[in-house]
Amino acid sequence: MPKLKTHSGASKRLRFTKTGKIKRAHAFKSHILNKKDTKRKRGLRQAAYADATNVGALKRLCPYS
């Protein structure tokens with residue numbers, strides 16, 4: 001079997017924890033921020049974990065993580 005290539009876009013956006021969970025950033029934090037209230041923007045700063053329904057696909061994108 002040849003080596004698998006890591007999806008470079010996914011590797012920049014995802015971090016894997018020791019327990020195998022996948023950390024990700026929230027969306028909707030890059031522009032049009034003046035209409036979003038401060039509480040919402042503050043919550044978007046926090047990291048989140050990928051949903052269980054997507055974990056299999058994300059792990060295939062980063063096979064050696």
Side-chain angles (χ1 to χ4, degrees):
M1 283 292 292
K3 287 194 262 186
L4 299 171
K5 287 196 174 183
T6 298
H7 190 284
S8 60
S11 67
K12 294 171 192 175
R13 289 167 170 79
L14 304 173
R15 295 288 175 262
F16 290 79
T17 64
K18 288 279 190 176
T19 57
K21 292 181 183 175
I22 301 176
K23 282 176 70 172
R24 62 167 180 86
H26 279 105
F28 306 109
K29 187 61 176 67
S30 57
H31 60 23
I32 316 175
L33 298 173
N34 52 358
K35 68 172 74 169
K36 296 170 187 151
D37 60 340
T38 311
K39 182 178 179 181
R40 179 174 168 193
K41 289 186 283 192
R42 193 164 57 239
L44 292 174
R45 275 185 224 141
Q46 310 302 320
Y49 291 107
D51 192 67
T53 57
N54 299 322
V55 168
L58 296 175
K59 285 189 174 180
R60 279 195 296 277
L61 292 175
C62 299
Y64 302 108
S65 297

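Side chains are part of it too, since the values below use all heavy atoms of this structure and drop only hydrogens, waters and symmetry mates.
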Worksheet item: Distance from Lys36 atom NZ to Asn34 atom CG, nearest 0.5 Å?
Response: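 One gets 9.0 Å once the value is rounded to the nearest 0.5 Å.
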Fill in: Value rounded to 0.5 Å, distance of CZ in Arg42 from NZ in Lys29
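Between atom CZ of Arg42 and atom NZ of Lys29 there are 11.5 Å.
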Item to complete: Could you pull out the closest heavy-atom pair between Thr6 and Ser11, with the gap in Å?
Response: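 Between these two residues, the closest heavy atoms are CG2-CB, 3.9 Å.
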Discussion item. So for atom NZ, which belongs to Lys23, do other residues, nucleotides or ligands contribute more than 12 heavy atoms lying within a distance under 6.0 Å?
Written reply: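 Result for NZ/Lys23: open.
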Discussion item. How about CZ on Arg24, more than 12 heavy atoms from neighbouring residues, nucleotides or ligands closer than 6.0 Å, or not?
Written reply: yes
So does [Y] get a backbone contact from the side chain of [X], meaning a donor-acceptor N/O pair under 3.5 Å?
X	Y	result
Lys41	Leu33	yes
His26	Ala48	no
Lys59	Ser65	no

Worksheet entry | Hydrophobic cluster (4.5 angstrom, side-chain heavy atoms) - remaining members for Leu58 | Leu14, Phe16, Ile22, Val55, Leu61
